[in-house]
Structure formats: C-alpha cells, structure tokens
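Some notes on the structure that comes next.
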There are 2 protein chains.
Amino acid sequence: MYHLRVAETTGRRLRADAEHNTALILVAAEKVLADDPSASLERIGEAAGLTRATVHRRFSSRSALLEALTEQLNQRYLTALEQARADLGRPLVAFRRLTDVVFELKASHRFAMELSDEQHGCQSGLSPEVAAGLEQVFACMREAGEITATGADWCRHVYLAVLHQVHQLPEDAPDLVACGSSRADLVVRTVVGALGGVPRRP
Amino acid sequence: MYHLRVAETTGRRLRADAEHNTALILVAAEKVLADDPSASLERIGEAAGLTRATVHRRFSSRSALLEALTEQLNQRYLTALEQARADLGRPLVAFRRLTDVVFELKASHRFAMELSDEQHGCQSGLSPEVAAGLEQVFACMREAGEITATGADWCRHVYLAVLHQVHQLPEDAPDLVACGSSRADLVVRTVVGALGGVPRRP
DNA sequence: AACAGATGCGACAGCCATGTATCATTTACG
DNA sequence: CGTAAATGATACATGGCTGTCGCATCTGTT
C-alpha cells in the first residue's frame, strides 16, 4: 500500500506506528474534507489525533496529500472492477455489482470522488486503468443491446453524475422508494434509460 | 435590475457610470470565477478594468458579490421559464425550448450555475420560484406520459446533472454527433430516458 | 460653472493557511 | 537495553486575501 516513502526522499521504510498514522491521516482527511473541501491541514491532523507538524512529515504538501487520496481511490476502484469483471457475460449483472461497490466508495470516499471529478477538462482524475475498466463494462452492455450510447467518456460521465445525484437523494424520495429503496437499482435503471434512449429518433 | 442600492445602505441611487460598472463587475466575475472559483477580488476587478477598491464599493463583501451573481441567474431562469410556459400544452416542446435557453445560461453563467448547485444539502441555491417553474414543466411531462419519475427534486437534479455533462462534452463526441450535434437534443433524450426508465420492472 | 459622486492609488491592519525549523520526549525495533 | 525514529509543542517566516481608510483627481448631473 503505502509501505515505502510516502513523503520521504530517502529509501528507508517507515516505522510501524508511522505507517499506521499515515493511514489515520488519510481517513481523517477524507472525513474532514468531505464536510469542508477547504479545511486546513490543522483540522485534518486534529481529526486524526495528530499534530499539523506530523501531517507535514508524512505528506510534503497539501497537494501531496490530495494526490494520495485519489491514488487510494483508484486502488479501490480497481478492486471493484475486478469483482465486476467476474460476470462480464451478463453485463447488467456486472453493472449492478459494480454499482453496489462503487456506492460504498461514494460513502467512504466522497471527497476523493468529487476531487477526481472536478479535475478540469473532460479528463476525470481517474487513472487510465480505471477508465478503461469502466469502458469495458459499458462496451459489454452495448454489445448486449442494453444501451446504445457509444462514447466511453459520455457513458462514464453520465454514470458518475447519476451516481452522485442518487447518493444525495433523501431516504424517502418517491423515485427511490419506487425502486425498493435500493439506490443501486435506481442508478442502474436511470443510467440504462439515459444511455439507451439516445438513438431513438422521434 | 440593480438600480437601487447594490451595496449601499443609503437609499440614494447610483450614478449612471457607477451602475454601468457594477454590471461590468458582474460580467467579469462570471468570466473569471468560471475559470477559477477561488480567484481574488483583485483579479475580478482587473478583468472589469477597475480596481479592487471599486469592487468593494459596489459589493460590500465577497459573499455579497456571489449573492448578486446567483440572483442574476435566477432572474434569467425565470425569463427562460416564461418562454417555456408558452407552449405547456406540448410538454416535450416546452422542455426542448427551455433546454435551449438554459443552455445559453450555462455558457454565460457557468460559475453561478455551479454555485447554486453546490449549495449544501439537497436544496439547490435556486429561488423557490425557479424550482417551482421547473417542477411544473416536469409535472406536465409526467401527465403526458413522457416520463414517469415523480420526485420534483429528483427530476431537477437529473436534469441539471445531465445538462452539465452535455455542456462539457467535446464537439465531436460520437453520441453528440448522433443527435445531429444538437446539445439540447441530447439533453432532452437523455433526461427523458433517465426519468422514464425508472418504473419499468424487469 | 459648481457640486456631489465615483474612481484610482496607496497604505494599513487583520486573519489564516502553508511550510520550515528546533528541541525535548516518547516509542518502536534490533 | 540502547539507539534511531517518530511525535508534540512551539516558534518563525512567508504570502495571500479581505476589508477599510484617506486623499487627489476626474466625471456626471443639475
């Protein structure tokens, strides 16, 4: 994971407690920044039970910390994609599985997800591997006739946008209840509808 | 519009040139902040051909300026909604018309739109009148059987999210070209698909 | 023309975040 | 146990943005 040189220029590895603390910092950063994206390193350290100085020792700068957060997110994404790849034969099932896991990511990595979304331009901050993995899922759905949209970026963006909206939908939203209160179900149906409705010409 | 007391506590009205300058500031603020949401008032003034001091004279604080920006956006929204209300009898036409105008808003008021979106919680920063106007459009579409989603917030959020994604789609995106390169068309079809696909139970 | 209003310029104070450094103390690890 | 590493505490320098003055100088308005 982060065994080697998080913010160190030397090749020495960190002591066990130090490594544990970097993990604490990442967790705290996610929690605090999700609430206030411009929170200071001081507040992050405090939330981790550490000092601002220590945060600086583990992460050479604020941006280094943010980088670490998105890298962490990309790792979890890859794990989720591997799970989905298992049943790529049934694209809708794979998509549903994927959405389930990504939803947990949204809950635990809200800030990092928005961070990689906000990345300027149309290039999301996602690693190329993750983007490719998502594209594969959508490609299978298209081949299976479940959707008709062809652009990989378009599919991914709509997916993430819908996911975001569903995430912050209140528990008792009528359209959520209509789906058996399963957020993942609502995402799947909405995305499939959005990406499948494109080519119908009136 | 802003004839009276933009940042003044006195009831006196502004001189003509001063009023013109507040307009310049608003335009410049939109342009600069769209590029960098955390740009300083100095840069905004510079973009308006004015001094930071003058910006402070017209808008008592940074947040006052942001408020003015969202208020301006809400005004334009209302105008767009009035145009759409014209042909509420044909909901899809009304929706299409609305989207056309809102798309121009997205181009000229990118920052303000994202600002009112980011507003914490599920309450967007839109004025109640605008929210109600949008709800009316979606309600008509639902009654006409074009969509099946029932939640007003849900419809609005999906609409704005899709709009945002389509807005930053490159000119040559395949799914855009498939719609005759009309962004508004792509929005309409995607949203209708997204909101209409909800209740289909597999 | 005269006056009030608006602006530019410069200066000042306050605030807060970042990044660096030092030193004493505690803790992990061989 | 002894050493090296990690941390807490504290201080310092830096830089940026904000908000507020005062003053000289144009410019609109009547």
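Here is how names work: the chains are called A, B, and so on, in the same order as the sequence lines, proteins then strands, and each is numbered from 1.
To the nearest angstrom, P of C/dA17 lies 11 Å from CD1 of A/Ile44. Between A/Arg58 atom CZ and D/dG8 atom C1' there is a gap of 14 Å when expressed in whole angstrom units. A straight line from CZ of B/Arg13 to C1' of D/dT30 spans 15 Å, rounded to a whole angstrom. Straight-line distance from the CD atom of B/Glu42 to the P atom of D/dG19: 13 Å, rounded to whole Å. Summarising the geometry, the separation between CZ on B/Phe59 and C1' on D/dT20 is reported as 18 Å, rounded to the nearest angstrom. With rounding to whole Å, B/Leu50 atom CG is found 13 Å from C/dA6 atom P. Atoms CD (A/Glu19) and P (D/dT7) sit 11 Å apart, rounded to a whole Å. One atom, NE2 of A/His56, and another, P of D/dC12, lie 18 Å apart when rounded to the nearest Å.
Counting non-hydrogen atoms under 4.0 angstrom, B/Arg52 reaches a base of the nucleic acid. Backbone-only engagement by B/Gly49 is indicated by non-hydrogen atom pairs under 4.0 Å involving sugar-phosphate atoms exclusively.
Checking the phosphate oxygens (OP1, OP2) of C/dG8, a side-chain nitrogen or oxygen of B/Thr54 falls inside 4.0 Å. A sub-4.0 Å separation between OP1 or OP2 of D/dC17 and a side-chain N or O of B/Arg43 is absent. A/Asn21 has no side-chain polar atom (N or O) that falls below the 4.0 Å cut-off from OP1 or OP2 of D/dA6. In terms of phosphate contacts, A/Arg62 brings a side-chain nitrogen or oxygen within less than 4.0 Å of OP1 or OP2 of C/dT18.
Judged by distance alone with a 3.5 Å cut-off, a donor-acceptor contact links the side chain of A/Arg57 to the base of D/dG8. At a cut-off of 3.5 angstrom, counting only N and O atoms as typed in the model, there is a donor on one side and an acceptor on the other between the side-chain of B/Arg15 and the base of D/dT27.
Checking side-chain atoms of A/Glu146 against main-chain N and O of A/Pro91 turns up no donor-acceptor pair under 3.5 Å.
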Between B/Asn74 and B/Glu129, is the side-chain contact (heavy atoms from CB on, under 4.5 Å) condition met? List the steps.
CA-CA 9 Å; B/Asn74 277 322; B/Glu129 294 86 14; over 6 Å; no
Report the C-alpha separation of B/Asp117 and B/His164 in whole Å, then their side-chain angles, then the decisive distance to 0.1 Å, and conclude whether the side-chain contact (heavy atoms from CB on, under 4.5 Å) test is met.
CA-CA 10 Å; B/Asp117 261 5; B/His164 182 69; 5.8 Å; no
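Each of C/dT18, D/dA9, D/dT18 was ranked by its minimum atom distance to the side chain of A/Ser40; first place goes to C/dT18. Of the candidates D/dT7, D/dT18, C/dC9, the closest approach to any side-chain atom of B/Ala53 belongs to C/dC9. Nearest nucleotide to the side chain of B/Asp17, out of C/dA6, C/dA28, D/dG19: C/dA6.
Here A/Leu73 contributes atom CG and A/Ser116 contributes atom OG; the two are 5.0 Å apart, rounded to the nearest 0.5 Å. A/Leu98 contributes atom CG, which lies 11.0 Å from atom CZ of A/Arg96 (distance to the nearest 0.5 angstrom).
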